[in-house]
Amino acid sequence: MAKKTKDDIRIIRPEPLPTVELLTGRIHNHAYRPHAHEEYAIGVVEAGVQRYREPGGTYPAPAGTLYTLNPGDVHAGEAATEAGYHYRLAYVPENLLHSYLEIEPGAFPSHPHFRQRLTQDPALAREFNRVLASLADPATCRVKAESELVLTLRTLFHRHGELAPKEELPDAGAHAIRRVKEYIKQRAAEPITLSEMAEQAGLSRYHFIRVFKKHTGLAPHAYLTQIRVFQAKSAIESGLPLADAAFASGFADQSHMTRSFKAIFGITPGKVQKTA
């Protein structure tokens, strides 16, 4: 029986720009669970083909495809063939991209977003891949690394993004869902119940589940789990032991945290701990 090729996924905090997080992956077996990030997720498929999934459907993402995901875009994926796929990705905080685009906080319009989640622009994909590789290299000049990132992200956005007012959801549930999301972030370490979430929204449990998924793309329990994963990751990066990080972020135990963490990031919390 042929031996399975191991996945190789790494998280890098580039020295020139520590507010940006880089992810590099050589994926053969891992399937990412549907999730979303609070940052822009921008990257390139370097080789192979990913089977990319989002609430609207499933699409092939071959080599040269640009990931152009806005904050909150729910996505998942796995290798489309046995050969797997390789990719590089940068998580760029909203305020950083806004500053690169020279958008003043609160300015109108103030919501820069990419028009689609998978973008085809072969020349720009090659350039962005080179910039990400340079950013990950400790020997790269700090000024050069950030200068190239600024210029490339501006080009990418001006070609494939647009400015618009912050989207206001059309029904009365919009404010309620924002309130529940903040409640979850603040109380994630506690044993929150569905009833408490629904009460915060002022909705029945059944109606709350439907409205929450409609506006976030995730079921309430999935959103709670990913917030716990993000908080656990921050705790681990700050130096907290794994068992303590699991407890501090609301997981039942370390093994539960590990399973949930790997489903989203493709690596174990222990691997993050070693690079922190």
Side-chain angles (χ1 to χ4, degrees), residues 7 9 21-25 27-81 84-94 97 111-122 124-125 128-129 132 153 156-157 159-162 164 166-171 173-174 177-178 181 184 209-227 229-230 260-267:
D7 296 331
I9 303 169
E21 188 170 82
L22 304 180
L23 196 67
T24 65
I27 312 295
H28 295 269
N29 312 301
H30 182 67
Y32 285 102
R33 175 192 295 174
H35 65 284
H37 295 274
E38 295 185 345
E39 306 89 354
Y40 292 90
I42 309 168
V44 182
V45 181
E46 294 184 288
V49 182
Q50 185 198 45
R51 184 180 296 112
Y52 170 85
R53 293 183 284 120
E54 63 182 36
T58 301
Y59 311 96
T65 300
L66 281 159
Y67 298 111
T68 43
L69 302 176
N70 300 301
D73 282 348
V74 175
H75 59 286
E78 62 274 321
T81 69
Y85 67 101
H86 304 172
Y87 73 102
R88 289 183 184 272
L89 192 72
Y91 295 116
V92 182
E94 284 191 82
L97 182 64
H111 182 49
H113 64 277
F114 292 104
R115 289 188 289 270
Q116 51 197 25
R117 300 179 184 187
L118 298 179
T119 296
Q120 301 302 324
D121 190 329
L124 190 54
F128 193 55
N129 194 44
L132 292 181
L153 284 177
L156 177 61
F157 183 80
R159 287 188 192 177
H160 303 290
E162 59 189 6
K166 278 215 178 265
E167 239 181 271
E168 290 299 329
L169 300 173
D171 58 68
I177 295 307
R178 284 196 293 271
K181 286 167 70 176
I184 290 172
I209 292 168
R210 294 185 64 191
V211 171
F212 191 90
K213 188 163 187 179
K214 174 187 173 184
H215 292 324
T216 67
L218 293 170
H221 73 274
Y223 184 83
L224 171 61
T225 297
Q226 81 166 26
I227 293 299
V229 166
F230 296 156
S260 300
F261 197 101
K262 190 169 183 181
I264 289 178
F265 287 108
I267 60 175

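Start at 1 with the first residue, then count along the sequence. These numbers were taken from a predicted model, which means no experiment stands behind them.
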All heavy atoms of Ala76 vs all of Arg33, minimum pair found to be CB-C, 3.9 Å

Would you give me the side-chain donor-acceptor pairs under 3.5 Å for residues 59-67, sequence neighbours excluded?
from  : atom 1 : to     : atom 2 : distance (Å)
Thr65 : OG1    : Pro62  : O      : 2.7
Thr65 : OG1    : Gln120 : NE2    : 3.1
Tyr67 : OH     : Gln50  : OE1    : 3.2

Note, His215 side chain near Arg178 side chain (heavy atom, < 4.5 Å):
no

Spacing of OG1 belonging to Thr216 relative to NZ belonging to Lys181, to within rounding of 0.5 Å
6.5 Å

About how many Å separate CZ of Arg115 and CG of Asn70, when rounded to the nearest 0.5 Å?
11.0 Å

Please report the C-alpha distance between Ile267 and Lys262 in whole Å, then the side-chain angles of each, then the deciding distance to 0.1 Å, and finally whether the side chain to side chain contact (heavy atoms under 4.5 Å, CB included) criterion is met.
CA-CA 5 Å; Ile267 60 175; Lys262 190 169 183 181; 5.9 Å; no

Are the aromatic rings of Tyr85 and His28 close, with centres under 6.0 Å apart?
no

Here the pair of heavy atoms bringing Asp73 nearest to His75 is O-ND1, 3.0 Å

Distance (rounded to the nearest 0.5 Å) between Glu39 CD and Glu21 CD:
7.5 Å

Measure centre to centre between the rings of Tyr32 and His30, then say whether the value is under 6.0 Å.
yes

Parallel, tilted or perpendicular: which one describes the rings of Phe261 and Phe265, with boundaries at 30° and 60°?
tilted

Rounded to the nearest 0.5 Å, how far apart are CG of Leu89 and OH of Tyr87?
6.5 Å

Within the structure provided, determine whether Val45 and His86 are in side-chain contact (heavy-atom separation under 4.5 Å).
no

Does Leu23 reach the side chain of Arg88, with side-chain heavy atoms less than 4.5 Å apart?
no

Could you grab the distance from atom OG1 of Thr58 to atom OH of Tyr52, nearest 0.5 Å is fine?
10.0 Å

Taking only residues two or more places apart in sequence, or in another chain, which ones meet Thr119 in a side chain to side chain donor-acceptor pair (under 3.5 Å)?
Thr68

Where do Leu153 and Leu97 land on the side chain to side chain contact (heavy atoms under 4.5 Å, CB included) test, with the steps shown first?
CA-CA 8 Å; Leu153 284 177; Leu97 182 64; 4.3 Å; yes

Between Ile184 and Leu224 the two heavy atoms that sit nearest each other are CG2-CD1, 3.7 Å

Side chain to side chain contact (heavy atoms under 4.5 Å, CB included) evaluation trace for Phe114 with Phe157:
CA-CA 7 Å; Phe114 292 104; Phe157 183 80; 4.2 Å; yes

Which heavy-atom pair separates Glu38 from Pro71 by the least distance, and what is that distance?
O-CB, 3.3 Å

Tell me yes or no: between the side chains of Glu162 and His113, is some donor less than 3.5 Å from an acceptor?
yes

Would you name the heavy atoms of Ile177 and Phe212 that are closest together and state the gap between them?
CD1-CA, 3.8 Å

Taking every non-hydrogen atom, the tightest pair across Ile42 and Leu132
O-CD1, 4.3 Å

Sorted by chain and residue number, the side chain to side chain donor-acceptor pair (under 3.5 Å) partners of His160 (sequence neighbours excluded) come out as Asp121

